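Accompanying notes for the structure given below.
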Amino acid sequence: MRLSQLFTKTSKMIPADETARNAQLLIQAGYIYKVMAGVYAYTPLGLRVVENIKQIVREEMNAINGQELIMSNLQPREPWETTGRWDDKVVDIWFKTKLKDETELGLAWSHEEAIVEMMKQYISSYKDLPVSVYQFQTKLRNELRAKSGIMRGREFIMKDMYSLSANATQHDDYYNLVIEAYKKVYGRLGLTDTYVTFASGGAFTKFSHEFQTVCEAGEDAIYLHRGKNIAINEEVLNEESLSQLGVKREELESVKSSEVGNIFNFGTDKSKKMNFSFTNEAGEKQFIHLGSYGLGITRVMGVIAEKFADEKGLVWPEAVAPVKVYLARLGDTSEVVKQADELYNRLTAERVEVIYDDRDTRAGEKFADADLLGIPYRVVISDKTVANNSYELKARQAETSQQVSIDNLLKTLGVTD
RNA sequence: CGGGGUGUGGCGCAGUUGGCUAGCGCGCCGCGUUUGGGACGCGGAGGUCGGAGGUUCGAGUCCUCUCACCCCGACCA
């Protein structure tokens, strides 16, 4: 995209109504727009990051046979009443509204009951199992207090997946597959500092698993065992859990972290309440084992922004960056313009995504914007580079730039002939 | 929800004990000079001070109510 045409602008000022670093930077750089407390719009740049994160998650969920769908935000009350979760006293984060005829509706904060209600229509035999479905959805939660920018809002994008299994073994097999898939996701996102964490499990099981990324701005406190690559949420840190996991308290390191994923085993608890059953080989009625697997897309974006940013601005890992290259054209002599246009067209044709800074502004401003936006590579074309018959390349985190030939430039940017 | 704080051009801020046409920086528009780390000069546009009510000769400054935002806590499948 040509920067001269992008409607968003960067700002030199830090927004006064945000203290969370992720929100400050994302707003300053023009990735998000604050609508109200805990509610943000995603601008073209921000949307690209969201979509990149989603695509990585999508690929890994598809790889374990997840079937993508999309549920509705408007929720009828009945399915939620069967599990006792319609009552505001039980679930205090409901947003509710009404139809013109006064029928009460909920705005989805989760889709567990909704998915079960839908799947009841399709699943009736052991031959239909196991099956796994997922979606990317905007969840609405009436949090008492929004905070931490996009890391905890009232409206946020989440990937939620649900597995349906015929028995505990089938469920466990899939559950473990998901753990591995999640590890791949965080690895690809650059969040290598993420730990499978034992946390409180709810009704059916002793523990659930959280995926916690070490992050100062996070809301959780975990105790991690770097050697074994596991962690324990402080809420379940006790002798019992320690012995079960085979670790000693003094081996654990206490860190702040952000919960970027949480997976649950519901067993047959919910399917019993909602009468969700199938017929097995012997013709007997059995309840379905359910698993729920959440992954906060926009929270991940916030954590990445927060973790990698430096004093100059954002630093996106290549896998999620809105574009790979920031092409800065310095000056407007005909040869510079020609070369810059050509490179822009060439890279675009090669499917390398580029922000082409074709604005009539000074070098310092372009460099500052390239840094603030956090684009992985900066390429400069100027009278100097034209005279040298070279291109200037600098990685976002590199100290200095280097002059490279067109071949080396394309190679570094992943263009192969 | 308890406690604390803040609302003044698009953004960031200043506005003495109430007192003259409400200022500054950034940004924006025009002209010129500049042109490798957020340039400079000159000339402009833009606010009725979150909202409502009140006190007063007079309110951005005081009072009441209200809305919004931020922080701490509580909460957090």
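Labels below follow one simple rule: chain letters A, B, ... track the order of the sequence lines, proteins then strands, and each chain is numbered from 1. Since the model is a prediction, treat every value here as computed from it, not as a measurement. Any value given below was found using the heavy atoms of this structure, including those in side chains, with hydrogens, waters and symmetry copies removed.
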Find which nucleotide of RNA chain B each of Leu144(A) and Glu18(A) is nearest to by heavy atoms, and output the residue with the more 5' nucleotide.
Glu18(A)

I'd like to know whether CD of Glu78(A) has more than 12 heavy-atom contacts from other residues, nucleotides or ligands below 6.0 angstrom.
yes

Between C75(B) atom C1' and Asp220(A) atom CG, what is the distance in whole Å?
13 Å

N/O contacts under 3.5 Å, protein versus nucleotides 6-12 of chain B?
from	atom 1	to	atom 2	distance (Å)
G12(B)	OP1	Ala16(A)	N	3.0

Enumerate the residue pairs fulfilling ring pair (Phe, Tyr, Trp, His ring centres under 6.0 Å) with a member in residues 49-93 of chain A, sequence neighbours excluded, ordered by first and then second residue.
Trp80(A)-Trp94(A), Trp80(A)-Trp109(A), Trp86(A)-Trp94(A)

To the nearest angstrom, how far is Glu399(A) atom CD from G37(B) atom C1'?
14 Å

Rounded to whole angstroms, how far apart are CZ on Arg21(A) and P on C71(B)?
15 Å

Describe the nucleic acid contact of Arg378(A) in one word from base, sugar-phosphate, nothing, applying a heavy-atom distance below 4.0 Å.
base

Assign each of Thr10(A) and Gly38(A) to its nearest nucleotide of RNA chain B by heavy atoms, then name whichever residue's nucleotide is nearer the 5' end.
Thr10(A)

Using a cut-off of strictly less than 4.0 Å, decide whether Lys384(A) has a side-chain nitrogen or oxygen near OP1 or OP2 of U35(B).
no

Can you check the distance between G4(B) and G46(B), where both ends of the measurement are the C1' atom (answer in whole Å)?
35 Å

Nearest-Å distance, NZ (Lys12(A)) to P (G38(B))?
9 Å

Under 4.0 Å, counting only non-hydrogen atoms across every strand here, what does Ala37(A) touch: a base, just sugar-phosphate, or nothing?
sugar-phosphate

Separation of the P atoms in U35(B) and C40(B), to the nearest angstrom
14 Å

What integer number of Å spans the P atoms of U6(B) and U17(B)?
16 Å

Counting only heavy atoms from other residues, nucleotides and ligands, does the tally under 6.0 Å from CG of Asp360(A) exceed 12?
no

Is it the case that Arg299(A) places NZ or CZ above or below the six-membered ring of Phe156(A), under 6.0 angstrom from the centre and within 45 degrees of the axis?
no

note: Gln212(A), atom CD; C76(B), atom P; distance rounded to Å ~ 16 Å

When you get a sec, tell me which of C69(B), G38(B), C70(B) is the closest nucleotide to the side chain of Thr19(A)?
C70(B)

Look at atom CG of Asn176(A) and say whether more than 12 heavy atoms of other residues, nucleotides or ligands are closer to it than 6.0 Å.
yes

If the P atom of C63(B) is compared with that of G18(B), how far apart are they to the nearest Å?
11 Å

Taking the same atom, P, in U56(B) and in G41(B), what whole-Å distance lies between them?
49 Å

Let me have RNA chain B in dot-bracket notation, would you? Count Watson-Crick plus G-U wobble pairs, both distances under 3.5 Å, and use [ ] for pairs crossing earlier ones and | for inter-strand partners.
(((((((..((((.....[...)))).((((((.....)))))).....(((((..]....))))))))))))....

Counting any heavy atom closer than 4.0 Å, what does Glu392(A) reach on the DNA or RNA strands: base, sugar-phosphate only, or nothing?
base

Write down the distance between CZ (Arg359(A)) and C1' (C28(B)), rounded to a whole number of angstrom.
15 Å

Using a 6.0 Å cut-off, check whether atom NZ of Lys338(A) has over 12 heavy atoms from anything other than its own residue.
no

Could you tell me whether Ser110(A) contacts a base, only the sugar-phosphate backbone, or nothing, with contacts defined as non-hydrogen atoms closer than 4.0 Å?
nothing

How far does the P atom of U33(B) sit from the matching atom of G15(B), given to the nearest Å?
41 Å

With a 4.5 Å limit on heavy-atom distance, are the side chains of Leu164(A) and Phe276(A) in contact?
yes

Student check: side-chain heavy atoms of Asp160(A) and Ser110(A) closer than 4.5 Å:
no

Sticking with atom P, work out how far G7(B) lies from C13(B), rounded to a whole angstrom.
9 Å

On a whole-Å scale, what distance lies between the P atoms belonging to G53(B) and U61(B)?
14 Å

Looking at every heavy atom in both Ser124(A) and Asp128(A), which two are closest together, and how far apart are they?
N-OD2, 3.0 Å

Protein-nucleotide distance (Lys147(A), atom NZ; A74(B), atom P), rounded to Å
9 Å

Are there over 12 heavy-atom neighbours, none belonging to Lys411(A), within less than 6.0 Å of that residue's NZ?
no

What nucleic acid atoms does Asp92(A) come within less than 4.0 Å of, heavy atoms only: base, sugar-phosphate, or nothing?
sugar-phosphate

Take atom NZ in Lys54(A); do more than 12 heavy atoms of anything else shown fall under 6.0 Å from it?
yes

Kindly give the heavy-atom pair with the smallest separation between Leu45(A) and Ala29(A), and that separation in Å.
CD1-O, 4.1 Å

Given G73(B), C70(B), C76(B), which nucleotide is nearest the side-chain atoms of Arg152(A)?
C76(B)

Any side-chain N or O of Arg145(A) under 4.0 Å from OP1/OP2 of C72(B)?
yes

Is Lys9(A) touching bases, backbone alone, or none of the nucleic acid, heavy atoms closer than 4.0 Å?
nothing

Using whole Å, what does the distance between atom C1' of nucleotide C76(B) and atom CG of Asn233(A) come to?
12 Å

Are Arg362(A) and G38(B) close enough that a side-chain N or O sits under 4.0 Å from OP1 or OP2?
no

For a quick check of understanding: with a heavy-atom distance under 4.0 Å over all strands, which category does Glu112(A) fall into, base, sugar-phosphate or nothing?
base

